[in-house]
Structures are given as structure tokens and as C-alpha cells.
J.: 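Sharing a structure with you now.
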2 protein chains.
Amino acid sequence: MSAHSATAQAILQSAHTLIVDGGYNGFSYADISKVVGIRNASIHHHFPSKVDLVCALVADYRHDAEAGIAALERTAPEPSAALRAYVGYWEACITDASAPFCLCALLAAQLPVLPEPVAFEVRAHFRALSAWLVSVLERGAKHGDIHLGGSAKTEAETFMATVHGAMLSARAYGDAQIFGVITQPLLDRLIAH
Amino acid sequence: MSAHSATAQAILQSAHTLIVDGGYNGFSYADISKVVGIRNASIHHHFPSKVDLVCALVADYRHDAEAGIAALERTAPEPSAALRAYVGYWEACITDASAPFCLCALLAAQLPVLPEPVAFEVRAHFRALSAWLVSVLERGAKHGDIHLGGSAKTEAETFMATVHGAMLSARAYGDAQIFGVITQPLLDRLIAH
DNA sequence: GAAAAATTACCTACTAATAGGTAGTCCGTC
DNA sequence: GACGGACTACCTATTAGTAGGTAATTTTTC
């Protein structure tokens with residue numbers, strides 16, 4: 001799917017790490033070139049502008065997230081298991097510090113200063129994630145797997161917001177464990193016993 | 001308390017707005033000077049460096065937050081009312097777009113790239129807010145005003161994370177209402193009926 | 001299957017704009 | 001006449017991005 005060369009992928013990967021650390025304005029071409037081992041100007045060969053680079057990155061990210069969710073629904077067909085797997089994925093990412101924040105969540109925080117094409121991609125991620133959560137919760141509620149306090153829509157938005165907030169707290173405290181402390185009761189509340 | 005001149009306060013206020021929009025690296029002295037109406041270099045007269053400026057801003061912010069909470073505890077002595085007032089404060093800020101994000105929450109998202117003195121102040125805000133929430137919840141649970149599902153500490157962290165996540169969602173969707181959609185059930189769950 | 005043409009992927013060298021910050025000066029007020 | 005608060009002028013580093021060139025690879029054509 002991703003028609004990127006090895007170098008282009010290395011550029012995207014380092015951009016991902018850098019953005020997750022400090023956001024859109026928190027990195028420069030120089031930072032990338034240091035990591036990837038090519039000259040500053042050569043990045044423009046792969047991505048004409050910074051907007052192109054970040055747009056490609058977020059588009060890939062959204063695609064990967066979609067694929068990850070599809071895979072997750074196959075290995076964890078029960079809604080409760082899917083929610084657990086989703087939270088578990090992030091718990092692992094935060095614990096091993098491989099990607100201690102959702103790329104789109106971090107970019108969303110800076111939405112007012114993002115170039116419009118990037119902002120568009122970020123908004124699309126939020127809509128897609130929310131839509132998936134709604135569908136999982138509705139399915140779970142129908143099967144008795146999930147217990148909803150309010151509407152599926154409201155519970156989905158609460159779920160997403162709490163997970164994002166838990167990422168932020170883990171970062172603020174410098175403590176990966178707090179993510180689990182916050183998300184475990186969130187799952188417990190939703191999953192019928 | 002704040003020994004800042006009128007100009008210094010104008011600088012701090014515009015820095016506040018700019019950071020809430022785009023974070024630490026999302027603004028420059030030029031941006032401030034345009035708003036305040038003084039030259040770039042004159043900002044250094046009031047705040048020697050950018051780190052000094054943002055540190056002073058966050059320190060003031062923390063002080064104001066402390067004062068606001070103290071005032072809130074006077075006007076709303078009941079724990080349930082205090083929680084409602086806290087959420088209501090942010091709902092108003094987001095709705096009228098006067099300060100559509102918590103300064104420290106936004107800075108916390110960029111914690112890995114913040115200068116250490118700023119990072120220190122930001123962490124302190126999280127600890128203080130968490131400590132206040134714990135005390136309110138404990139007090140409420142004792143008086144039967146609040147119903148806790150888990151420990152006060154866990155519920156406080158969940159509360160804070162959900163509020164921060166709700167701010168993020170409101171920004172991502174460009175819809176202030178989503179903040180209330182997420183926080184109303186959060187309050188309902190905690191407040192005994 | 002070899003020559004020619006186009007494409008890929010990088011390079012050096014450069015530019016205009018912007019970043020935060022410094023030095024020294026001027027002006028009004030107490 | 002000292003001082004606060006602003007100024008002009010300047011500096012150095014960094015920003016994203018451009019221009020033009022080179023070597024290697026791939027594609028096209030005869």
C-alpha cells in the first residue's frame with residue numbers, strides 16, 4: 001500500500017517520533033536528517049514540503065490504524081475483547097516508550113496552528129476512531145457483552161477522551177502506569193460481568 | 001501578588017493565547033510584539049529569555065488556578081458543587097473560546113521538548129490539580145455527597161484525564177458542545193442522587 | 001542486446017525569512 | 001540625575017526551501 005522507498009519510510013518514521021515528542025513545530029528538517037543520515041535538502045526530494053511530509057505521515061498513520069483495527073476485530077471478535085485489545089495496545093506503546101502518544105492526539109492539541117491539509121487528516125482520524133468505537137459499543141450492547149450507561153455515541157466519546165487524557169497524564173507524571181490506572185476502571189465500567 | 005507592569009501583563013496574556021493555540025514552539029517574540037504593540041527586543045526588558053517568560057506565565061497560571069479553586073470552595077463548599085463549578089468554568093472558557101484549552105495540559109503534551117524549568121512548573125500543576133481533586137472526592141465520599149466507584153486517587157486521575165480528553169475532542173471536532181457531552185455523565189457518575 | 005533517454009536519489013551550495021538574544025541609546029518621570 | 005521602559009540596530013543560528021549538478025539505475029528504442 002505505502003509506495004514509499006526505504007529512505008522515505010525512514011524519514012516518516014523519524015518524523016513520527018519527533019512529532020510525538022514535540023508536535024508540528026517541535027521538529028525541523030535538520031532533526032530528521034541527523035537521524036536518517038541524509039542531507040537536509042534531500043528530504044525535499046521525497047517530500048516537497050513539510051506539509052506534504054506530515055500529511056503523508058498522518059495518512060499512513062490513519063491507514064495503519066484502520067488495518068490494526070481490522071486485524072484486532074479478527075483476533076478479538078468480541079466487543080469487550082476488542083476494547084481491551086485497543087487499550088492494551090496503547091498501554092504497551094506507552095510502557096515500552098516506543099510511541100508514548102497518539103500522533104493525531106498530539107497534533108489535535110495544536111490544531112489551530114496546523115496547516116489546513118494536516119488539520120483535515122487529523123480531524124478525519126478522530127471521526128474514524130469515534131465511529132469505530134460507536135460500532136463496537138453498539139454491537140457489544142446488543143450481545144450483552146457491553147453495558148452502556150448512556151448512548152453508544154456518548155460512551156464512545158467518553159472512552160476516547162479518557163484514553164487520550166490518560167496518555168497526557170502518563171506523560172505529565174512521567175509514569176506509564178497511570179495509563180492503566182485510568183483505563184482499567186474505564187473498561188470495567190463498560191464490560192458486563 | 002503578580003508584580004508585573006501593565007506591559008508585562010499584556011505580554012503574558014498574549015503568550016497565554018498563543019501557547020494555548022500552538023504550544024511552546026508554536027509562537028515567537030514577533031507574534032507577541034505584533035499583539036502588544038512593542039518591538040521584538042523590548043520583550044527582553046520584561047522577560048530576559050523565552051524560558052523566563054513561559055515560566056512566569058505558568059507560575060502565574062498556577063497561582064491563579066489555586067486562587068480560583070480557593071474562591072470556588074468558598075462559593076461552592078459542597079464537593080459535588082465544587083466539581084460542577086470546575087467543569088462549568090472550563091465549559092464556559094471553551095464555549096466562548098476565551099481560553100479553549102488548559103495551558104498546562106497543552107504544554108504537558110509537549111513535555112519531552114520543553115526546557116526543564118517550564119516542564120517542572122507544568123508537572124507541579126498536574127500534581128496540585130490531582131491533589132485538590134483527591135481531597136474534594138474524599139471529602140464528598142465521607143459526607144455522602146459523592147459516590148466513588150474506586151479509590152479517591154483513581155477517581156481523581158480519571159476525572160482529570162477525562163476533562164483533558166474532552167478539551168482535546170472539543171478542539172479536534174471544532175465543537176465546544178462535545179465537552180459537555182463527555183463531562184456531564186462524568187459528573188453524574190460521581191455525584192450521589 | 002546495446003545505445004539512448006529518462007528517472008531516482010542523493011549531493012553541495014545557496015537564499016530569504018525568522019528565531020531568540022545583545023548592545024547601546026533615548027526619553028520621560030519622579 | 002537616576003531609573004524604568006521603550007527604542008534602533010545588530011548578531012548568530014536555524015528555518016524551510018531552491019538551484020543546479022552527479023552518479024547510478026531503469027526504461028525505452030532501435
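Throughout, a chain's letter reflects where its sequence line sits, starting with A, and its residues are numbered from 1. Note that the coordinates shown come from a computational prediction; the quantities given were computed from them, not determined experimentally.
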J.: Can you give one letter per nucleotide of nucleotides 15-25 of chain C, going 5' to 3': B for a protein heavy atom under 4.0 Å from the base, S for sugar-phosphate only, - for none?
T.: ----SSBB---
J.: Look at the side chain of A:I38 and decide which nucleotide, out of C:dC11, C:dA9, D:dA6, has an atom nearest to it.
T.: C:dC11
J.: To the nearest angstrom, how far is A:R39 atom CZ from D:dG17 atom C1'?
T.: 17 Å
J.: Starting from the C-alpha separation in whole Å, work towards a yes-or-no answer on salt bridge (charged side-chain N to carboxylate O under 4.0 Å, His left out) for B:K153 and B:E157.
T.: CA-CA 6 Å; B:K153 166 74 175 158; B:E157 294 300 345; 2.7 Å; yes
J.: Does the pair B:E91/B:R84 count as a salt bridge with the N-to-O cut at 4.0 Å?
T.: no
J.: Under the side chain to side chain contact (heavy atoms under 4.5 Å, CB included) rule, what do A:V113 and B:L18 come out as? Steps first, then yes or no, please.
T.: CA-CA 9 Å; A:V113 299; B:L18 289 161; over 6 Å; no
J.: To the nearest Å, how far apart are A:L53 CG and D:dA16 P?
T.: 10 Å
J.: OP1 or OP2 of C:dT8 sitting under 4.0 Å from any side-chain N/O of A:S5?
T.: no
J.: For B:I11 and D:dG5, give me the distance from atom CD1 to atom C1', rounded to whole Å.
T.: 10 Å
J.: CG/B:L12 to OG1/B:T7 distance, rounded to the nearest 0.5 angstrom?
T.: 11.0 Å
J.: Can you establish whether the number of heavy atoms outside B:R139 located under 6.0 Å from its atom CZ is more than 12?
T.: yes
J.: Specify the separation, in whole Å, of atom CG of A:N25 and atom C1' of D:dA16.
T.: 12 Å
J.: Considering only NZ, NE, NH1 and NH2 on the basic side and carboxylate oxygens on the acidic side, decide whether A:E138 and A:K142 come within less than 4.0 Å.
T.: no
